[in-house]
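The structure appears below as structure tokens.
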Amino acid sequence: MATPWIAPSILSADFARLGEEVDAVIDAGADLVHFDVMDNHYVPNLTIGPLVCEALHRRGIKAPIDAHLMVRPVDRIVPDFARAGATYITFHPEATEHIDRTIELIREHGCRPGLAFNPATPLDYLDYTLEKLDLVLVMSVNPGFGGQRFITSALRKLEQVRRRIQAGGREVRLEIDGGVKVDNIQAIARAGADTFVAGSAIFGSADYGATIRAMREQLARG
Ligand code: DX5
Ligand code: ZN
């Protein structure tokens with residue numbers, strides 16, 4: 001399995017000091033910067049868009065940006081995120097009319113496509129898409145807010161996605177998002193995740209480095 005990646009979600013960062021917060025979390029050992037985009041339409045919250053992504057990219061941050069789009073429609077905004085320096089662009093299948101077209105669009109713009117599954121979204125959407133994806137995102141909360149409790153059925157879902165990825169024979173990142181903490185990350189990894197989004201667990205802690213190290217220690221125990 002791929003090297004585990006920790007992806008702090010900047011949704012829980014101090015937005016008034018966003019650049020410093022992102023530098024701090026990367027210095028603390030983050031592998032990926034998880035960038036939550038919400039539109040007050042597909043999800044009941046409103047966050048940040050391509051201009052903020054571009055500002056972070058221009059700042060020269062030293063980790064790839066993992067743009068998680070919780071917006072509808074998706075296609076209009078994809079080129080903007082590609083230009084703004086996103087590496088991964090992940091979207092929800094319910095939020096686009098033509099899933100395959102959106103995946104192609106992300107790829108055409110030089111980014112890595114990801115597909116996100118809400119807690120009650122069936123995995124059938126992977127039937128004809130997995131071979132074109134670089135990432136599958138399993139939501140372990142309903143999208144829209146940080147600091148929610150982990151929904152345990154996500155573990156079963158991770159196991160099922162991991163089996164599909166293995167059967168497919170291509171490297172595809174399996175990301176978990178929502179309620180990830182030091183005390184459940186090991187069980188989540190055992191279920192098959194290799195990419196761990198954590199917002200409140202990291203940004204809500206006094207020492208980002210200590211929290212990320214504690215997560216890695218749990219992961220190393222296997
Ligand atoms: C929720 C977002 C998550 C959120 C996770 O819609 O997609 O990335 O920031 O926050 P925590 O880790 O606090 O559950
Ligand atoms: Zn997210």
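Start at 1 and go down the list; that is how both ligands and their atoms are numbered.
Hydrophobic clustering (side-chain heavy atoms under 4.5 Å, transitive across Ile, Leu, Val, Met, Phe, Trp, Tyr) keeps Leu135 apart from Val180.
Within His68, the N, O or S atom lying nearest to the Zn ion (ligand 2) carries the name ND1. Nearest N, O or S atom of Asp36 to the Zn ion (ligand 2): atom OD1. Atom OD2 is the N/O/S atom of Asp177 found closest to the Zn ion (ligand 2).
Taking a cut-off of under 4.0 Å to the non-hydrogen atoms of Met38, the atoms of ligand 1 that pass are 6 (O). Atoms of ligand 1 lying under 4.0 Å from any heavy atom of His68, numbered from 1 in the order shown and given with element: 7 (O). Counting the atoms of ligand 1 from 1 in the order shown, those under 4.0 Å from a heavy atom of Phe145 are 1 (C), 6 (O). Numbered from 1 in the order shown, with element, the atoms of ligand 1 that lie under 4.0 Å from a heavy atom of Gly146 read 10 (O), 13 (O). Set against the non-hydrogen atoms of Val197, the atoms of ligand 1 under 4.0 Å away are 8 (O). Heavy-atom contacts of Gly178 reach the following atoms of ligand 1: 14 (O) (cutoff under 4.0 Å). Of all atoms in ligand 1, listed by their number and element, those nearer than 4.0 Å to a heavy atom of Asp177 are 2 (C), 3 (C), 4 (C), 5 (C), 7 (O), 8 (O). Near His34, meaning under 4.0 Å from any of its heavy atoms, are these atoms of ligand 1: 8 (O).
At least one N or O atom of Gly179, backbone or side chain, sits closer than 3.5 Å to an N or O atom of ligand 1. The shortest N or O to N or O distance between Ser12 and ligand 1 is not under 3.5 Å. For Ala201, no nitrogen or oxygen atom sits less than 3.5 Å from a nitrogen or oxygen atom of ligand 1, counting backbone and side chain alike.
Considering only non-hydrogen protein atoms, atom 12 (O) of ligand 1 sits nearest to Gly199 N, 2.8 Å. Among all protein heavy atoms, the one lying closest to atom 6 (O) of ligand 1 is Gly144 N, 2.8 Å. Shortest contact from atom 9 (O) of ligand 1 to any protein heavy atom: Ser9 OG, 2.7 Å.
With respect to the salt-bridge test (charged N to carboxylate O, under 4.0 angstrom), the residues Asp134 and Arg170 qualify. With respect to Arg72 and Glu94, no salt bridge is recorded, no charged nitrogen being found less than 4.0 Å from a carboxylate O.
The two atoms that bring Ala189 and Phe196 nearest to each other are CB-CZ, 3.8 Å, heavy atoms only.
Ring pair His68/Phe35: centre-to-centre distance not below 6.0 Å.
Glu175 and Tyr88 share no donor-acceptor pair across their side chains, judged by distance under 3.5 Å alone. Side chain to side chain, Thr96 and Thr102 meet the donor-acceptor criterion of an N or O pair below 3.5 Å. Judged by distance alone, the side chains of Asp36 and His34 do bring a donor and an acceptor atom under 3.5 Å apart. Judged purely by distance below 3.5 Å, without hydrogens or angles, the side chains of Ser200 and Lys181 pair a donor atom with an acceptor atom.
Heavy atoms of Ala198 found under 4.0 angstrom from ligand 1 belong exclusively to the backbone.
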Steps toward side-chain contact (heavy atoms from CB on, under 4.5 Å) verdict (Leu174, Arg162) = CA-CA 7 Å; Leu174 178 47; Arg162 176 52 66 194; 3.7 Å; yes
